[in-house]
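One structure is given below, encoded as structure tokens.
All values reported here derive from a predicted model rather than from experimental measurement. Note that these values count all heavy atoms, side chains included, but never hydrogens, waters or copies made by symmetry. Here is the naming used below: chain letters follow the sequence lines, and residue numbers restart at 1 for every chain.
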Amino acid sequence: MGDHRGAPGPRHRRSADHALRNPPVRGGLPDPIVRRDGRARPRGTRHLLDLRTRTPREGTRLTSGSLPPRFDPGAFERRWQEAWDRANLGRAPDRPKGTTFTVVLPPPNVTGDLHLGHILGYTITDLLIRRARMAGLATLWLPGIDHAGLATQVAVRSYLAKQGIRLEEMSRGQVIARVEDWKRDHERRILAALRAGGFSLDWSRYRYTMDPAYERATRRAFVALHQAGLVYRGERFVNWDPVLQTAVSDLEVEHAEEPSTLLYLRYRWADGSPGGLVVATVRPETIFGDVAVAVHPDDGRHATAVGRKVRVPLVDREVPVIADAGVDPTFGNGALKITPRHDLLDHEIFQRHPDLPMPPDVIDATGRLDSDWVPHRFRGQDREDARKSVTEALRSGGFVDHEAPYVHAVGRSERSDAVIEPRLSTQWFVRMVPMVPPVVEAVRSGDIRLYPGRWELTFYRWMEKVQDWCISRQVAWGHPIPVYYCSACLHETAAEEPPTECPECGHTPLKPDPDVLDTWFSSWLWPFATLGWPDDTPDLAHYFPTTVLVTGRDIMFFWVARMMMSSYFFQGRPPFRSVLFHGILRDEQGRKLSKHLGNAPDPMDLLRQRGADALRFAVLFPNPVDQDGCFSPASMDNARNFLTKVWNLVRFAQAHLPDGTDPPDRAPALTADSPLENRWILARWRRTVDDFEQAIAGFEVTRAAGLLHSFLWYDFADRYVEVSKEALSGRRGEPLRHETRAVLLFTLERALRLLHSIVPHVTEELWHAIPHRGELLAHAPWPRADEAPDDPEAVVAMEVVYDAIRTLRSLRAENRLAPTSLPPAWVRPSGEETAEVLRAQKSLVLEQARVGALNFLAGDAPPPAGSAPSVTPHGEFFLALPSERSRAERQALERERDKLTGLLARAEQRLADPGFRHRAPPEVLKASEEKARDLAERIRRIQEHLAADAPAGTG
RNA sequence: GGGCUCGUAGUCCAGCGGUGAAGACGUCGCUCUCACACAGCGAAGACCGCCGGUUCGAAUCCGGCCGAGCCCA
């Protein structure tokens, strides 16, 4: 690989060879919009899924090193991905020296394709990873995929169902073969998307939750927990999915309010006396499994009923009325039918009354009524149908006292949407409670930090009431539970490798457990199993604990919390130092992006049409990633516009940097003669780096992106580039031209380095178009703030200058002066400092405000005749007008006066308050007084100007 | 039932005790000025959800209400 290290330089890039290897994007059509004709272009017609991909104009890309005016991601993204691959960019060192920076990729499920939420998480991570790598840390970003047991089997199941194939009718082996086909297909697509996104992962360490080594880690974990008594098998109530016919964990059940009917059923007295006990239920179909009716012991209404017997409707079976404190006397009539096999609470009550008989299941694993206790006519009916027919039978039998609409929480299976059936069954569980304390302590003490911090509260709450975790699943796709049963002595053996004989009695062969493990039972080992655990590998020693986990907060409990538990149990250490939770992306109407709603753009389409960089920038900015942000066509346009801006900045620089310009190894040394703009842009750059680093330290990635956006666009492009054109032209002398070129190049090159962490391809392409040192931007050193000097004076002075420029430009526009005219202007500065700055930077104001002269008025000089005034905090400005004052100008003055009057009123009110004068800090008081004086003075001057030509008035 | 988050211009969103409430999209003028019309310059547009409280001072802190969403049972 060594001989291919060199990245393609500009020469390589321009070769026709490359143009051929990167043909125009598929489906590209010529752009029908006339580009240079602003008038013909329809306004506001932009679409996210704009399929009119631009065909690169022949010739533009291949001509003499100059970049076309717009960038075409299709022309270079692939090429740089390949260059990074050749340079082994993502490859982490085997023997790292110094600080390491490790992230494990939350492994995408092979269930389906990547969605925008993945792209968001990966973009954030790649930002952190590229930055760490450029900063010289030993950086590992470990990729992988998750077999996603149940979820994938369900996906395959519905895929097959569309072809009329029923998964239930296939053998276990056939199911696995089908799912493996599916997995291969989706793995390929996921990996293609990860590459297309430009994510700098270490592919040499790629892992899959079902590769043999990972399976071994999963078995080791199970056996170790089994030995520790933290994994056990038992008959307990579980959430049963009757469609998929498997148990699922509490987390896989989604609760929602659903309308139903509450039936008040009359259970007649067994002794034949009139009346009976009225029992309320929403599940009449379970009455066949009743073994008692319970009332609260303190419920006076039913005191005499306790101890008597009632008959279960429709079957006439006699059951006792019992008293139990578990009954909620406020529900229905306060009488509860006890169906111990189909309701958790009923089961608890049942257990406190040992004399009650244990009934059979009256609902089977498929959700149908079945058992000797069920009358023949109802057997085989599905729960929903049975509810209707049983209700009907109860009504016609006169058992329904009354009925009422009722809304109650119904649990549905996350995967099949089937209503969960509480079912007593024998399953494997993990005891969670003993695993909680070190995790809670880690978060409390800050050993693991959650970002944003507000999630801590939610995290603790869940931890406090965590329940045992049901980990066995009755499906084919997953890690087999490594337990083997002896048919002779009934001993169960948990072992990493199948034992040949029963360790208790020597019996052979042993029967393996038929179930598989919950997919999260392998995922919760991800941060260390991927690094080689259970072996004592160098990677584990070097790269664990990992640095940060970046993930959606929807899997906080499924995954993040459980990883912490497993890590403290198996490693005695946290799995990561920080967790960054990002939000869920929504569309413009605030809906979750989902395939089902059809509002989820496929990231691959966006990647192909708009490029990885635009997509990456769009998910980070402008909507904050830590909230449930909105992803809209506008964000994509915004990103594209910004990248075009950066692209053109480089084109500008290219045009002004002569061949042979030195690479910007350090910030240019400024002299006492250096112009304000050069001092200012370097100071602004320094502050931008500082702010960027501060934002990243708190994982505020949207703010970080925004800082670069506003620096490059508003400071660098709108101000610095405009201001420096004069110097770059050479009209202000060669020494200044030389210095300005150096400042321009330094600032732009450094900004590309920071920006590279977010939009790697376009920055890499641009970096190679300007003087630089090194083979790849991806390997360039991370900029440091202290490379450039701070210069607070320059920052303040530039603000004063630009206030003046804005004021004069505004006067021009309001008075509709011709763009070419160069009217003279006057200023009466409000203070000596302002006066000094404006005097020193006069030429800058003349140029940027397009005025012919800037004259300074003494404090008492009258306003120049025939001029438009504007009164600002920095002074009074006047612009010469060709004729009398315009109506627009008068209105602007009046508006300004009214606004200032309002402000003054507020300021005076504050100053009139004795409390304020006594309690406010002196500097605040002083500032307020100055402000009020300043406002009053400016209002006075505006009034003068208005009065000066009031009679004319007509403009 | 318990908990969390969010209500700021037409839209998105920043600010989180003293600001003339920042920015973007959109809107309206002017400009195809030799990096960029996917642009530049200028303009209009917000009593910061409502009601109380704390404070000399509240968009910002506290309480209540109303509205939107999410999580857990």
**Message:** Only Watson-Crick and G-U wobble pairs with both distances less than 3.5 Å should count. Give RNA chain B in dot-bracket notation, marking inter-strand partners with |.
**Reply:** (((((((..(((.....[....))).(((((.......))))).....(((((..]....)))))))))))).
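- Distances shorter than 4.0 Å separate some side-chain N or O of A:Trp713 from OP1 or OP2 on B:G40.
- Dashed line: the shortest gap from a side-chain N or O of A:Asn648 to OP1 or OP2 of B:A39 is not under 4.0 Å.
- Of the candidates B:C72, B:G20, B:A35, the closest approach to any side-chain atom of A:Leu900 belongs to B:G20.
- When the side-chain nitrogen and oxygen atoms of A:Thr820 are compared with OP1 and OP2 of B:U33, none of them lie within a distance under 4.0 Å.
- A heavy-atom distance below 4.5 Å is found between the side chains of A:Arg236 and A:Asp468.
- When each of B:C38, B:A35, B:C41 is scored by its nearest atom to the side-chain atoms of A:Asp718, the top-ranked nucleotide is B:C41.
- In this structure, A:Arg719 forms a cation-pi arrangement with A:Tyr802, its terminal cationic atom sitting closer than 6.0 Å to the ring centre and no more than 45° off the ring axis.
- Nucleic acid contact class of A:Val650 (heavy atoms, under 4.0 Å, all strands): none.
- At B:G42, one or more side-chain N or O atoms of A:Arg809 fall inside 4.0 Å of OP1 or OP2 (strictly under the cut-off).
- Closest to the side chain of A:Thr644, from the set B:G18, B:G20, B:C36, is B:C36.
- Between A:Gln848 and the options A:Val723, A:Val801, A:Leu808, a side-chain contact (heavy atoms from CB on, under 4.5 Å) holds for only A:Val723.
- Taking the side chain of A:Leu457 as heavy atoms from C-beta on, and the options B:G18, B:C71, B:C4, the nearest nucleotide is B:C4.
- Within the 4.5 Å cutoff, the side chain of A:Arg850 has heavy atoms near those of the A:Arg812 side chain.
- In terms of modelled atom types and a separation under 3.5 Å, the side chain of A:Asn648 and the main chain of A:Arg651 share no donor-acceptor contact.
- Panel note: side chain A:Arg737, backbone A:Leu728; a donor-acceptor pair is recorded below 3.5 Å.
- For the OP1/OP2 pair of B:A24 and a distance below 4.0 Å, the side-chain nitrogens and oxygens of A:Tyr714 include at least one atom meeting the criterion.
- In this structure, a donor-acceptor pair under 3.5 Å is absent between the side chains of A:Glu726 and A:Ser729.
- Closest to the side chain of A:Lys645, from the set B:A35, B:G29, B:C72, is B:A35.
- Atom CG in A:Asn815 sits about 15 Å away from atom P in B:G42, given to the nearest Å.
- Here the P atom of nucleotide B:A73 and the NE2 atom of A:His255 are 5 Å apart, to the nearest Å.
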Considering only nitrogen or oxygen atoms on both sides, find all protein atoms under 3.5 Å from nucleotides 60-64 of chain B and state each distance.
none

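- Using a 4.0 Å heavy-atom criterion, one finds that A:Arg806 contacts the sugar-phosphate atoms exclusively.
- At B:C38, one or more side-chain N or O atoms of A:Arg70 fall inside 4.0 Å of OP1 or OP2 (strictly under the cut-off).
- Aromatic rings from A:His709 and A:Phe621 are positioned such that their centres are separated by under 6.0 Å.
- Taking the six-membered ring for Trp, A:Phe617 and A:Phe642 have ring centres closer than 6.0 Å.
- Closest to the side chain of A:Lys931, out of B:G42, B:U19, B:G3, is B:U19.
- Across all strands, A:Lys725 comes closer than 4.0 Å to base atoms (heavy-atom distances).
- No engagement by A:Ala927 is indicated, since no non-hydrogen atom pair under 4.0 Å with the nucleic acid exists.
- With rounding to whole Å, A:Phe652 atom CZ is found 18 Å from B:A39 atom P.
- The base of B:C4 is not paired with the side chain of A:Arg454 by any donor and acceptor separated by under 3.5 Å.
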**Request:** Start with the C-alpha gap between A:Asp637 and A:Arg610, add the side-chain angles, then the distance that decides, and say whether side-chain contact (heavy atoms from CB on, under 4.5 Å) holds.
**Result:** CA-CA 9 Å; A:Asp637 286 342; A:Arg610 304 298 210 96; 2.9 Å; yes
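- Atom C1' of nucleotide B:C38 and atom CE of A:Met636 are separated by 13 Å, given to the nearest angstrom.
- Distance A:Met463 CE to B:G2 P: 24 Å, rounded to the nearest Å.
- Of the candidates B:G18, B:A35, B:G40, the closest approach to any side-chain atom of A:Ala920 belongs to B:G18.
- The aromatic rings of A:Tyr451 and A:Phe699 lie perpendicular to each other, with more than 60° between the two planes, well past the 30° mark.
- Among the atoms of the strands shown, none is found under 4.0 Å from any heavy atom of A:Pro914.
- The salt bridge (charged side-chain N to carboxylate O under 4.0 Å, His left out) analysis of residues 868-877 of chain A, with sequence neighbours excluded, yields the pairs A:Arg828-A:Glu876, A:Glu876-A:Arg941.
- For A:Glu722 against B:A35, a side-chain-to-base donor-acceptor contact under 3.5 Å is present.
- Side-chain to base pairing of A:Arg938 with B:G20: one donor and one acceptor N or O lie within less than 3.5 Å of each other.
- For A:Lys899, taking side-chain heavy atoms from C-beta onward, the closest of the listed nucleotides B:G20, B:A39, B:C71 is B:G20.
- The listed nucleotides are B:A43, B:C70, B:A39; the one nearest the side chain of A:Arg553 is B:C70.
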